*Asks:* 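This structure is in C-alpha cells; I'll ask about it shortly.
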Amino acid sequence: MFLNVSSFAAVEWTAQRDLQLVERHDVTPADDEITIAVESAGICGSDLHFFRGDFSPRPGTTPGHEFAGRIVALGRNVSRHREGDLVGVEPLLRCGICEFCLTGDYHVCRQRRLVGEGHHGGMSQRATVPAQIAYSVPGAVDAEGAAMAEPLACSVHGFRKIGLQGHETVYVVGAGTIGLTAILAARAVGAKVIVLARHPHQQAAAKRLGAIEVLGEDDASEKRIADLVAANAIDVAVETVGGKAETLWEAQRVLRPKGKLIVLGVFTGGPVPINALHLAVNEIEMVGSMTYNAKEGHVDYAIALEVVGGFLPEIKSLVSHRFALLSANDAFRTAADKSTQSLKVHFNPNTI
C-alpha cells in the first residue's frame, strides 16, 4: 500500500469520530510554504477531547499539532530553511496583519487556526505548512524530542507571562503532558517544583523529571499541603488538568498571599469553582494562558526547543508508547486510558 513515490500515508478523522488511514498525493508547496517528512508526532490532550466527543472533529482532516521532521520541499520564496533541515512546528496559523499579530500576540488573532484542526496536521508521512512556523532544531535534539517542544512551550509562555523567578517555588496540579513538561520549564529558570499527581506512573515521572516533592491524593499529602500553606511556601500555582475537574481551587488554595495562579488546563465543562473571597483577600493574581506567542523578542516555541536540548533524556523519557499510523485508533485509546500507564503517545509515521 502507498508504494507510489508521489503519494504518502496519512490518518484522518471520520464522521464517526475515529481515524482512518488514507493515501494522499504530494503537492508542491506554495511560495511561502515547506513540506516536511514527519518523523515523530504526538497525541495531545486536546486531540483526545475530539476522540472522546467533547468537541466535534472535522471529518477528512488529519490531526496532529505536535510534530517534527525533515524538510523535503521548499516554496520558491523560502530562504530561512534548507532541504534536509530538521524542524519543529509551532502550529498556530494567523492572519499576520491584525493588531495582535503585529505585536507578537498572534495566539489571540481572530483568524487563528491550529494545524491539525482546520489544516492538515502531523499524523501523516508528509505535512505542508507555512515556513514561518517552522523552527530549526538544536543540534543534539532529535525529532521525537523536538515534537515535545509544543506542549512545553505552553508552560514556557505561562511562566514568562507571570515573570517566574529562579528563587520561587512552583506547585503544579496535574501530571499529564502539560504538568510534566511544566516541571522542566520551571527548572530551566531555576525554580523548584512540587507536583500533585494522581496516578503512580505519573508520580514516578514527576520525580524523574526533577520535582523536589510529589504529592498524591492521600492523607499524608493533604497534611503536607496544609504545612505548605501554613509556611507560605508556594509562590506560583499551575492548573494543568482542565476538563470538568475542580482542580482550579486545588491550585488556588495552596498559594501564599500575593501568589500567582496560572490556568493552563483546557476546561470543557463550563464554570468551575474558585474562591473569590480567598482570591481578593490574599491579592492572588490569576492569569489565563493559552498556547504561546512571540512578545518583545521572546519566541516561546524557540525557547522551548532550547529547553528540550537542555533536558533531552528527561523529555524523551515521557514518550511511553510509539505507534505506526495504521494503528491510529489503538494509539488514541492508549493515550485516553491511564490504566495503560501512558504518558505521551507518539506516532512514527515512517512506519505505516
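Treat the numbers as computed from the prediction; the structure is a model and nothing was measured. Every heavy atom of this structure was used, including side-chain atoms; hydrogens, water molecules and symmetry mates were not.
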*Asks:* Side-chain donor-acceptor pair under 3.5 Å between H346 and S40, yes or no?
*Replies:*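 Judged by distance alone, the side chains do pair up.
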*Asks:* Do N293 and H157 come close enough that some side-chain heavy atom pair is under 4.5 Å?
*Replies:* yes
*Asks:* Look at the side chain of N282 and the backbone N and O of I284, then say whether any donor-acceptor pair between them is shorter than 3.5 Å.
*Replies:* no
*Asks:* Just wondering, more than 12 heavy atoms not from K244 lying within 6.0 Å of its NZ?
*Replies:*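 For K244, atom NZ is crowded (more than 12 foreign heavy atoms under 6.0 Å).
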*Asks:* Using 0.5 Å steps for rounding, measure from the CG atom of D142 to the CE atom of M148.
*Replies:*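 So the gap between those two atoms works out to 11.5 Å.
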*Asks:* Looking at D227 and K223, is there a salt bridge between them, counting it only when a charged N and a carboxylate O are closer than 4.0 Å?
*Replies:*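 Looking at K223 and D227, the cut-off is met.
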*Asks:* So do E66 and P151 actually touch side chain to side chain, heavy atoms under 4.5 Å?
*Replies:* yes
*Asks:* Main chain of I43, side chain of K344: is a donor-acceptor contact present, judged purely on distance under 3.5 Å?
*Replies:*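 Looks like yes, one N/O pair under 3.5 Å.
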*Asks:* Using a 4.5 Å cut-off on heavy atoms from C-beta on, say whether the side chain of L248 contacts that of L261.
*Replies:*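 Touching, per the 4.5 Å side-chain cut-off.
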*Asks:* Treating R112 as the side-chain partner and H107 as the backbone partner, does any N or O pair qualify as donor plus acceptor under 3.5 Å?
*Replies:*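 Yes, because the side chain of R112 sits within donor-acceptor range (under 3.5 Å) of the backbone of H107.
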*Asks:* Backbone N or O of L19 within a donor-acceptor pair of the N329 side chain at under 3.5 Å?
*Replies:*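 A pair under 3.5 Å: yes.
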*Asks:* Taking I178's backbone N and O only, do any of them form a donor-acceptor pair with T240's side chain (distance below 3.5 Å, no angle check)?
*Replies:* no
*Asks:* Salt bridge check, R80 against D85: does any charged N sit closer than 4.0 Å to a carboxylate O?
*Replies:* no
*Asks:* May I have the step-by-step check of side-chain hydrogen bond (donor to acceptor under 3.5 Å, both in side chains) for Q20 and T14, ending in yes or no?
*Replies:* CA-CA 7 Å; Q20 64 181 1; T14 72; over 6 Å; no
*Asks:* For R113, does its backbone N or O pair with a side-chain atom of H119 as donor and acceptor, under 3.5 Å?
*Replies:* no
*Asks:* One thing to verify: whether E246 and R253 come together as a salt bridge, which I'm taking to mean a side-chain N less than 4.0 angstrom from a carboxylate O.
*Replies:*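 So R253 does not pair with E246 through a salt bridge.
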*Asks:* Is a side-chain donor or acceptor of N275 paired with a backbone partner of L277 at a separation under 3.5 angstrom?
*Replies:*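 Answer holds: yes.
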*Asks:* Within a 6.0 Å radius of atom CD on E296, are there more than 12 heavy atoms belonging to other residues, nucleotides or ligands?
*Replies:*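 Open: at most 12 neighbouring heavy atoms sit under 6.0 Å from CD of E296.
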*Asks:* Heavy atoms, side chains only, cut-off 4.5 Å: are T169 and I194 in contact?
*Replies:* yes
*Asks:* Do P29 and I34 make a side-chain contact, defined as non-hydrogen atoms from C-beta onward lying under 4.5 Å apart?
*Replies:*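 No, every pair of side-chain atoms sits at 4.5 Å or beyond.
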*Asks:* Tell me yes or no: between the side chains of T62 and R24, is some donor less than 3.5 Å from an acceptor?
*Replies:* yes
*Asks:* Is there a donor-acceptor pair under 3.5 Å between the side chain of H201 and the backbone N or O of S342?
*Replies:* yes
*Asks:* Answer with yes or no whether the side chains of E239 and T247 bring together a donor and an acceptor at under 3.5 Å.
*Replies:* yes
*Asks:* Are the side chain of T340 and the backbone of T334 linked by a donor-acceptor contact shorter than 3.5 Å?
*Replies:* yes
*Asks:* So, for H81 and S136, which heavy atoms are closest and what is the spacing to 0.1 Å?
*Replies:*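 Taking H81 first and S136 second, the nearest heavy atoms are ND1-OG, 4.2 Å.
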*Asks:* Would the number of heavy atoms belonging to other residues, nucleotides or ligands and lying under 6.0 Å from CG of D219 be above 12?
*Replies:* no
*Asks:* Are a donor atom and an acceptor atom from the side chains of E33 and T128 found within less than 3.5 Å of each other?
*Replies:* no
*Asks:* Report yes if some heavy atom in the side chain of L255 is under 4.5 Å from a heavy atom in the side chain of K260; otherwise report no.
*Replies:* no
*Asks:* Would you say R52 has more than 12 foreign heavy atoms packed within less than 6.0 Å of its CZ?
*Replies:* yes
*Asks:* Whether the side chain of R94 engages the backbone of Y106 through a donor-acceptor N/O pair (distance < 3.5 Å, no angle test) should be reported.
*Replies:*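 No, R94 side chain to Y106 backbone: no donor-acceptor pair under 3.5 Å.
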*Asks:* Does any part of the side chain of I183, heavy atoms only, come nearer than 4.5 Å to the side chain of L180, both counted from C-beta?
*Replies:*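 Yes, at least one pair of side-chain atoms sits under 4.5 Å.
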*Asks:* If the plane angle is over 60° it's perpendicular, under 30° parallel, otherwise tilted; pick one for W13 and F332.
*Replies:* perpendicular
*Asks:* Determine whether R198 and K338 make a side-chain contact, defined as any pair of heavy atoms from C-beta on separated by less than 4.5 Å.
*Replies:*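 No, too far: nothing below the 4.5 Å cut-off.
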